[in-house]
Amino acid sequence: MDSQTIISLVGKVTGRWAKQRKAEERHANAITNRRFALLRQFKTTLKEVVNEHVEAAYLAVSSNNTLPAHARQLMYDVRRRIQASTDEPLNDAYFTQTLLPTFMRENSELTAAWDVVFDARGHFHEPHTRVSVALGTLAVRQHLRGSSGTDEAAYEPDDLYPTHGPEHRYGAILFVEKEGFMPLFEKVKLAERFDVALMSTKGQSVIASRQLVDHLCGRHNIPLLVLHDFDKSGFSICGTLSRSSDRYRFRHQIQAIDLGLRLQDVERWHLESETFATKMSARVMRANLMKNGATRAEADFIAEGQRVELNAFTSGDLVSFLEAKLTGCGVKKIVPAAETLEAAYRRALKDEFIRERFDELKLKADACVAAARIPGLQRRVAKTLKDNPSLPWDEAVRRIASDAFDTERRGDS
């Protein structure tokens with residue numbers, strides 16, 4: 001049997017198999033294409049599906065709008081509600097960062113009284129005071145509700161003059177795109193030497209950071225200084241930190257100063273660039289960069305696939321670079337008005353008065369209370385805690401002691 005005959009016989013035997021296999025492949029491709037079509041259709045309607053359930057989910061999670069509701073709690077509740085209509089999982093980030101904020105913005109009257117909180121994605125640090133605020137909804141809200149002024153009941157010798165916010169404490173906010181530089185800035189006492197507050201986030205600024213900037217910079221008329229990478233994300237961060245958008249509307253005019261990195265900084269400090277890949281067209285990227293403050297030359301540099309990170313600096317060079325930028329912006333130490341200085345001086349004199357007499361007073365106090373006893377103390381502590389369940393036991397003891405001290409003092413008078 002010659003080779004041609006063998007080939008012909010094999011072809012006859014395998015022909016039906018090959019035809020069947022191709023049909024199966026066409027069928028599989030049809031199924032895949034249908035699934036992709038359905039997926040695309042689902043993607044276009046996901047917002048509508050979710051929106052049908054957001055209000056009910058919020059009321060359930062927040063105990064009918066009586067308690068704060070975390071954005072991820074809403075995501076879980078909504079996801080449970082839509083499982084019956086789709087097998088596709090609801091993406092956490094897509095819901096908390098896009099779908100939920102969009103729903104709240106488009107239904108502002110409905111959601112005006114809602115108390116939705118989001119995770120912290122950065123930190124804010126005051127100079128000198130050791131005040132640190134996580135950039136999350138609740139922490140920022142609590143910080144902004146604080147008040148300044150002297151509270152004699154909370155007075156402690158050696159405390160700094162009491163301040164809250166920028167007044168008498170710092171003259172600018174320095175926003176840093178990366179959180180990783182904070183240990184370096186702490187080491188060189190950057191915030192303390194220039195009297196600036198430091199703010200950092202992971203990537204794009206969150207709504208909580210914009211609320212803080214809006215309140216502190218806008219109401220107190222201090223500049224926002226922005227330090228960022230030389231890339232599209234860096235310019236976007238600089239732009240969104242002071243410009244209203246769909247996600248946040250600023251109430252105040254913010255003076256935002258771009259410290260860089262800029263192209264001239266890259267060239268002056270001989271910083272190494274790196275390539276990056278993107279699906280965005282060069283034309284669209286140029287337009288976006290220039291919208292957020294880049295020059296045409298800077299936009300061309302980045303749109304051609306080059307970027308430079310702040311990490312390209314050595315630690316020493318980064319500090320020198322930043323010191324020069326802060327000085328160039330006119331940032332300087334805070335010296336309050338004479339009235340505030342005189343109040344601080346009187347307070348410092350009081351510190352010295354108390355310190356000089358403290359040891360002697362403590363010895364007398366130790367002698368007075370050495371034999372102090374109170375009948376039924378355990379029972380009284382238990383009753384105090386029952387009446388005030390949120391108290392710790394030692395605060396209950398302190399309150400009982402305070403009442404006993406007041407009673408004894410009234411008896412002596």
Side-chain angles (χ1 to χ4, degrees), residues 123-133 135 140 142-176 181-200 209 211-227 238 241-242 250-260 316 318-356:
H123 292 85
F124 171 82
H125 308 275
E126 288 187 355
H128 309 292
T129 66
R130 299 185 296 278
V131 169
S132 181
V133 182
L135 294 179
V140 166
Q142 183 178 5
H143 180 68
L144 294 180
R145 282 176 179 169
S147 59
S148 59
T150 356
D151 182 358
E152 291 297 334
Y155 172 78
E156 292 288 345
D158 295 327
D159 276 357
L160 294 174
Y161 186 81
T163 61
H164 179 80
E167 189 176 12
H168 311 318
R169 187 55 63 196
Y170 53 92
I173 295 177
L174 171 61
F175 178 93
V176 185
F181 290 122
M182 290 302 147
L184 170 63
F185 297 158
E186 290 172 8
K187 179 70 175 179
V188 300
K189 298 188 181 300
L190 184 76
E192 290 76 14
R193 288 190 292 116
F194 285 89
D195 282 350
V196 296
L198 299 179
M199 177 185 288
S200 61
S209 66
Q211 290 174 331
L212 196 63
V213 165
D214 194 2
H215 182 95
L216 297 179
C217 292
R219 292 189 61 179
H220 296 272
N221 194 30
I222 63 172
L224 173 68
L225 313 175
V226 186
L227 181 69
C238 190
L241 263 173
S242 60
F250 278 84
R251 298 181 180 181
H252 305 90
Q253 189 72 29
I254 307 299
Q255 181 192 4
I257 300 176
D258 187 348
L259 297 188
L318 178 59
V319 172
S320 298
F321 165 80
L322 197 44
E323 288 174 340
K325 290 282 186 176
L326 293 175
T327 301
C329 290
V331 177
K332 55 187 178 181
K333 296 290 291 183
I334 296 294
V335 179
E339 182 180 357
T340 301
L341 293 176
E342 289 169 1
Y345 179 72
R346 290 191 294 270
R347 192 173 188 276
L349 285 178
K350 184 163 66 174
D351 284 352
E352 295 304 316
F353 183 93
I354 293 172
R355 184 181 296 107
E356 183 178 320

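No hydrogens, no waters, no symmetry mates; every other heavy atom, side chains included, goes into these values.
- When all heavy atoms are compared, the tightest approach of L216 to P166 is CD2-CD, 3.8 Å.
- Between the NZ atom of K332 and the CD1 atom of I334 there is a distance of 9.0 Å, given to the nearest 0.5 Å.
- By the 4.5 Å heavy-atom criterion applied to side chains, L184 and L318 are counted as neighbours.
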Check: Which is it for I354 and K350 under the side-chain contact (heavy atoms from CB on, under 4.5 Å) test, yes or no, and what are the steps along the way?
Finding: CA-CA 6 Å; I354 293 172; K350 184 163 66 174; 3.9 Å; yes
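- To the nearest 0.5 Å, the span separating CG on L198 from CD on E192 amounts to 8.0 Å.
- The side-chain heavy atoms of L241 and F175, taken from C-beta on, include a pair separated by under 4.5 Å.
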* Test side-chain contact (heavy atoms from CB on, under 4.5 Å) applied to H128 and L160, step by step -> CA-CA 8 Å; H128 309 292; L160 294 174; 3.9 Å; yes
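- Using a 4.5 Å heavy-atom threshold, the side chains of F124 and I173 count as touching.
- In this structure, CZ in R251 is found 8.5 Å from CD in Q211, a value given to the nearest 0.5 Å.
- Between D258 and L227, every side-chain heavy-atom pair lies at or beyond the 4.5 Å cut-off.
- Q142 CD: 12 or fewer foreign heavy atoms inside a 6.0 Å radius.
- Looking at residues two or more places apart in sequence or on another chain, you find a side chain to side chain donor-acceptor pair (under 3.5 Å) between E126 and T129.
- Taking the six-membered ring where the residue is Trp, the centroids of H252 and H215 are separated by 6.0 Å or more.
- Residue I254 comes nearest to G218 through the heavy atom pair CD1-N, 3.7 Å, listed as atom of the first residue, atom of the second, then distance.
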Could you walk me through whether L259 and I257 pass side-chain contact (heavy atoms from CB on, under 4.5 Å), step by step?
CA-CA 6 Å; L259 297 188; I257 300 176; 4.2 Å; yes
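- Atom CD1 of residue I222 and atom OH of residue Y170 lie 5.5 Å apart, to the nearest 0.5 angstrom.
- By the 4.5 Å heavy-atom criterion applied to side chains, L349 and F353 are not counted as neighbours.
- Contact of the M182 side chain with the H123 side chain is not registered, since no non-hydrogen atoms from C-beta on lie closer than 4.5 Å.
- Residues L135 and L212 share a closest heavy-atom pair of CD2-CD2, 3.9 Å.
- In this structure, SG on C238 lies 10.0 Å from CG on L225, to the nearest 0.5 angstrom.
- The minimum heavy-atom distance between P223 and C217, with the atom names listed, is O-SG, 4.0 Å.
- Side chains of V331 and F194 form a contact here, defined as non-hydrogen atoms less than 4.5 Å apart.
- One finds the CD atom of E352 at 12.5 Å from the CZ atom of R347 (value rounded to the nearest 0.5 Å).
- Partners of E323 according to the salt bridge (Lys or Arg N to Asp or Glu O under 4.0 Å) rule, which considers only residues two or more places apart in sequence or in another chain, are R193.
- When all heavy atoms of P127 and R169 are compared, the closest pair comes out as O-CD, 3.6 Å.
- Pairs of residues two or more places apart, or lying in two chains, that qualify as side-chain hydrogen bond (donor to acceptor under 3.5 Å, both in side chains) and include a residue from residues 333-342 are H168-T340, D195-K333.
- In this structure the side chain of S209 reaches within 4.5 angstrom of the side chain of M199, judged on heavy atoms.
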